Amino acid sequence: MAAKLNQAKADPVIEESPAPLPAPLPAPLLRPRLRFMTCGSVDDGKSTLIGRLLVESGAVFEDHLLEASRAGTGSELDFSFLVDGLKAEREQGITIDVAYRYFATPRRAFLIADAPGHQQYTRNQAAAASQAELAVVLVSAEDGVQPQTRRHMAIASLFGLKTVVFAVNKMDLVGRDKEPFTAVVTELRALAVALGLDVIGAIPVSARDGDNVAARSAAMPWYHGPVLLEVLEAFEPADRIAGPALLPIALTGRLDGGGRVSYGEIASGRIAVGETLTARDGVSATVTRLWEAGAPVSAAEAGAAVAVELTPEIDLGRGAVLAAPERAPALASQLRVRCVWLAAEPLQIGRSYDLELGTGETSVTVSRVERRLDLDALTMTPIDENLNANDIAMIRVNLAKPLPAMPFEHSRQLGAFIMIDRLSRRTVAAGSVLSIERQSGDTPWQALQVTNEDRARAMNQTPFVIWLTGLSGAGKSTIADLLDRRLHSLGRHAAVLDGDNLRRGLSADLGFSEADRSENIRRVGQVAGLMANSGLIVVVSLISPFRQDRAAAREAIGAARFLEVFVDAPLEVCQQRDPKGMYARAMTGSLPRFTGIASGYEAPEAPDLHLKTAEMSPLEAVEHLLGALRARGLKV
Amino acid sequence: MDTHLKALEAEAIGILREAQARFARPVLLYSIGKDSSVLYHLARKAVAPAALAMPLLHVDTTYKFREMIAFRDALAARDRIEMIVRTNHEALGQGMNPFDHDASVYTAAMKTVALRQALDEHGFDVAIGGARRDEERSRAKERIFSLREPGHRWEPRNQRPEFFGLYNTRLAPGATMRCFPLSNWTELDIWRYIEAERIPIVPLYYARPRPVVRRNGQLIMVDDGRLPLQPDERVETLTVRFRTLGCYPLTAAVESDATDNAAIIRELLHTRHSERIGRVIDHVGSSMEDKKREGYF
C-alpha cells in the first residue's frame, strides 16, 4: 500500500486528477427525532453512558472534549463534565434538573431527557418521562437492581412511558460473563411486567470502555443481540395518526381580506379539506381551506402544525377542540387524575388552583386525595396525610368551567395537565387524566314536587341541625344522646349523626389527614342537610377541629337552621375522662393524628352556644341547649 | 423536507403560537444571524395565511458587520416589518468600544443593558429568541419558556418544570418571559432547514476571500477602519466564512471553502470544533451562565 502511494506521487498524470467528489449530504432522516430518557441508580454510570453516546456519535466537539479531559484525572475523560450543566451544580457536585442532550447518527437524530440527581428525583424523573418515548434503564451488573432503579421505572411508567430497553452496565467489573447479566435481566423483566412496560432489548454494556454501546464488543461473544445504539435507531414509537381526528385550538386570527382562521397542532388522526368537524354539541362546520406550516395543503396528519378555515364561521376560541363528528371529547367538569405534587407547600383541599389541560384553562378545586404512590411497595395506597412535594397521588378535581378532556391513554394531548398556584404562579402539580368522572350537563338538578316545607309540615316540626363540636371526651356523645332521648320523648322526629359511628360506614374509606378530615366533615354536613330537608331535627356529634370546615357545613346546611355548639372542656379534663381510651392510645403514639395530642383543634370564635361541661352536668347542658333551640323558634 | 425537520418545524411553530396566544406584547429578538433568520421564517409560518403581527427587535452595538446591517435593512424593507433598532448610545458616548474594554464589560453595556432598556421601554412581556440548547453547556437545562424576574434576572432555581409540553406562562408584575422555539434544534438542523426552505441569510456565512488579521490564534475580519492593528499584524486576504455572527472585532472567522448550504452541511459533519469557539466572550469559566443571570439573551 505504501509503495503504491509513493508510486502515485511520482506519476504526473495522477497528480492532476480531478478534485475528489464532495462527500455526500446526510441522508434524509425518515423518522422524527427519538426522545429518550435514562432511569437508574446514581452510581450505575449514567453520566458515563450518556457521555459515551455523545462522544461516539461525534456530538462532542474538540474544545468541549478538551475541557472534559482537563476536568478528568490523568488521561481519563470526565464524562460527567460533559453532562453536568450549571456552575452551581458543578460546585456543589449535584445536578438538580432535567437537561437535554442531542446527538445524531446517519440514521436518526436523538434527544436525551436526562433527569439526574438524588434530590427532587421524583419530579425530575416525572418531567423527563412526560417528554420521552423510550427509557434506557441502566443497571450495574455488579450491584444489580437497586431500589432507585425500581422507583425510576415506576415513576416513568406513571408519566406516560410505555417502553424500556435495559442496559446492564459495568460488565467489565464482572469479567464480561453471561451469568451476572442474565441474573440482572431476569429481575428487570419481572419488574417491567409488573409495571406494564414493554421491553425491546437487554444489552450487556461497559459504558466506560464502550462495549456494546455504539460498537459491538469482541469480549462478549455470547451476546448476539443488537448494540444499544442499534436498538435506539430502530425503535418505532406508537402511531398517533391512528386515532380519531382531534385538533385543539391554540390561537385564532383574522385574515386581511376578512374571515377567521384557527391554528393548532393535530393531536391525532387526519384532517382534510371538505370534511366536517364538530366543535361542541350541535356546532359543526366544513373545512374549506387548510394550511400546514403556512403552506396550503389538502390534508394533514397528527403532529402537523395547521391552520384551518371553516364554513360556516363558528365561534371558536383557544381551548376549543375540533373533532371528527361522534368522536368529540367530553366536556369534563370533574376529573380523576394522577399527578406529582411539585410545591413545597402541601396541597390544600378546597383551595382554587389554575388548571391547564390541552390548550384550555380553568380554575379547579381538589375535592379529595384518594391514593398515593408508596415508593417502597410501588403501589398506590389510600392516603392518611396531606400531599407533599414529590408525592405522586390520585386526586379528584372539580373544574370551574368544563373543558374538553380525554383519558391520557386515549390522548396524550387532551389527557395531560399542569396545575398552577394562583398567588405564587408556580406550577404545583403535573399529571394525567385517569377518567372523566362528571361531564357538563350530565347531572342536572331534579326538580321535586314535594317541597321541604311540605315534609316539615307533615312532621309538625321545624327541621334543624345542632352541630356539637369539641375535643374527644368533652361530652359531645353524651349530650347528643341525652338530647335525642329528650326530643323523642317530646314527640319530635330526631336523629343523631355520631362521628365515630359514621367512620365505620359513610367515611370508612377516609383516614385522619387534614384532607380526609375535611372530606369527612363535608360528607356529614351534606347528609345532615339532606336529613333536615326531609324534616328531621339532626344532632351532629363530631370533633370537627377546623373552623373552615364548620363554616362550610353551616353554609351547606343553611345558617337559618344551623346551631353551632361548642362542647368545651379543658384538655386535662378530657384526658382524665377518656371514655373511649383514645387519649391513652394517643399518648403511646399509636394514634398519630389524634386531635388535642398530635393535631390541633381550632375552637369556635363565636359559637351559637358555649357549653362548659367541666362546670355543669350533662342534664344541665341539655337544658341550655333546649333553651337555645326555643330561642330560635323551635317547639321543644 | 425530511420527517425529522418537519417535526422540529411543527414543534417550533407550536411554541410560537403559544407565545402569541398567551402574551399581550410579544417581540421577536432578531440578531440577523442564521438562527434569527430561521426563527423569523417560522414566526411568519406560524400565523400564515395571516400576516406576522409582532415587531422585530435588533440590539445594534454599531460594531456589527456592515453586511449584517445591510441585510437587516433589506429584509425590513422587503417584508414591511416593524424593525425596532436599539443602541446603548449613552455607553458609546462614554467611550465604550470592543477594543479598549474587556469583552464581557462591552457585551454587558452594549447588548445586555440595551436589550433590557428596549424591553422595558416598549413593555414587551415575552421576548422570543433563537437560542438553542446545543449551543452551550449551561443552555442544556434552559426552559422553552424561561422566566425572568423583575429586572430581567434569570434565576436558575426558579425556572418552571415543563411537563408534557405544557407551559406555565403566568407572570408576576414586573416579570417577563423569554421564549426559545428553537431549543431542540442543533446547528446541523438549522443548516439543513435553511437548505430545505431556501431561507436567505447574510452572505458572511458563505466562504469568500475576505481581509483578515491573525489575533490570538483567531482570524478577525477587518470590516472597517475602526479595527486598530498591532504593529506586528498584517491584513491578509483569506477564503473564510463565519459560523456565528456578532460584533466583528469579537467574532472569529474560519478558513473554509464552503460557498453554499450543501458545502456547509458537509463541512459541519466533519468539523471537530463547536460553533461558539469563534466567540471571544464565551471562553471564561461559566461566562454564558453569568451573562444570562444578568439578563443577556
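Note on naming: letters A, B, ... go to the chains in the order of the sequence lines (proteins, then strands), and numbering restarts at 1 for each one. This is a predicted model, so every value here is computed, not measured.
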Max heavy-atom pairs within cutoff under 4.5 Å with chain A, candidates B:Gly165, B:Ala262, B:Ala172, goes to B:Ala172
Count the heavy-atom pairs under 4.5 Å between each of A:Arg422, A:Arg412, A:Arg31, A:Glu309 and chain B, then report the option with the highest count.
A:Arg31
Minimum-distance pair of heavy atoms, taken over all atoms of A:Gln131 and B:Glu162
NE2-O, 2.6 Å
Of the backbone (N, CA, C, O) and the side chain (C-beta and beyond), which part of B:Ala7 lies under 4.5 Å from a heavy atom of chain A, both, or neither?
side chain
Measuring heavy-atom distances to chain B, does A:Ala295 have an atom under 4.5 Å in its side chain, in its backbone, in both, or in neither?
neither
Specify the closest pair of heavy atoms between B:Lys45 and A:Ala293, including all atoms of both residues, with the distance to one decimal.
CD-O, 3.2 Å
Is the charged tip of B:Arg133 near the ring of A:Tyr100: under 6.0 Å from the six-membered ring centre and within 45° of its axis?
yes
B:Glu9, B:Arg143, B:Gln20: which one forms the most heavy-atom pairs within less than 4.5 Å of chain A?
B:Arg143
Please determine whether the number of non-hydrogen atoms from other residues, nucleotides or ligands lying under 6.0 Å from atom CG of A:Asp256 exceeds 12.
no
Among B:Asn184, B:Thr186, B:Asp189, the one residue meeting side-chain hydrogen bond (donor to acceptor under 3.5 Å, both in side chains) with A:Tyr102
B:Asn184
Pair count under 4.5 Å, heavy atoms only, with chain B: among A:Ala104, A:Gly431, A:Ser432, highest is A:Gly431
Does B:Asp257 CG have over 12 foreign heavy atoms under 6.0 Å away?
no
If you tally heavy-atom pairs under 4.5 Å against chain A, which of B:Arg22, B:Gln159, B:Met1 wins?
B:Arg22
Less than 4.0 angstrom from a charged side-chain N to a carboxylate O is my criterion; do B:Arg170 and A:Glu361 meet it?
yes
Closest contact, heavy atoms only, B:Ala10 versus A:Glu265
O-OE1, 4.3 Å
Heavy-atom pair of closest approach, residues B:Thr3 and A:Leu30
OG1-O, 2.9 Å
Give me the atom names and distance for the closest heavy-atom approach of B:Arg17 to A:Ala307.
NH2-N, 4.3 Å
Working to the nearest 0.5 Å, report the span between CG of B:Asp134 and CG of A:Leu111.
10.5 Å
Angle between ring planes, A:Phe159 versus B:Phe163, binned at 30° and 60°: parallel, tilted or perpendicular?
tilted
What part of A:Val340 is in contact with chain B, defined as an atom under 4.5 angstrom from a non-hydrogen atom: side chain, backbone, both or neither?
side chain
Against chain A, label B:Ala46 side chain, backbone, both or neither, depending on which of its atoms sit under 4.5 Å from a heavy atom there.
backbone
Relative to chain A, which of B:Gly14, B:Ala21, B:Pro49 shows the most heavy atom pairs under 4.5 Å?
B:Pro49
What part of B:Leu8 lies closer than 4.5 angstrom to a heavy atom of chain A: side chain, backbone, both or neither?
side chain
Heavy-atom count check: over 12 atoms from other residues, nucleotides or ligands less than 6.0 Å from A:Arg254 CZ?
yes
Under a 4.5 Å heavy-atom cut-off, does chain B meet the side chain of A:Phe103, its backbone, both or neither?
neither
With a 4.5 Å heavy-atom cut-off, do B:Asn158 and A:Arg426 have their side chains touching?
yes
Let me see the working for B:Lys6 and A:Glu292 under side chain to side chain contact (heavy atoms under 4.5 Å, CB included), right down to the final yes or no.
CA-CA 10 Å; B:Lys6 240 178 125 167; A:Glu292 176 175 354; 3.2 Å; yes
Which bit of A:Arg35 is near chain B, if near means a heavy-atom gap under 4.5 Å: side chain, backbone, both or neither?
side chain
Can you tell me how far apart CD1 (B:Ile13) and CG (A:Leu251) are? Round to the nearest 0.5 Å.
12.0 Å
Of the options A:Val428, A:Asp421, A:Thr427, A:Asp354, which is the one that meets B:Asn168 in a side chain to side chain contact (heavy atoms under 4.5 Å, CB included)?
A:Thr427
When rounded to the nearest 0.5 Å, the distance separating CZ of B:Arg160 from CD1 of A:Ile418 is 9.0 Å
Verify salt bridge (charged side-chain N to carboxylate O under 4.0 Å, His left out) between B:Glu11 and A:Arg33, making sure each step is shown before the conclusion.
CA-CA 12 Å; B:Glu11 180 191 72; A:Arg33 167 182 281 150; 6.0 Å; no
Side chain to side chain contact (heavy atoms under 4.5 Å, CB included) assessment of B:Leu147 paired with A:Arg425:
CA-CA 11 Å; B:Leu147 184 67; A:Arg425 297 180 181 81; over 6 Å; no
Between A:Gly358 and B:Leu166, the two heavy atoms sitting closest are O-CD2, 3.6 Å
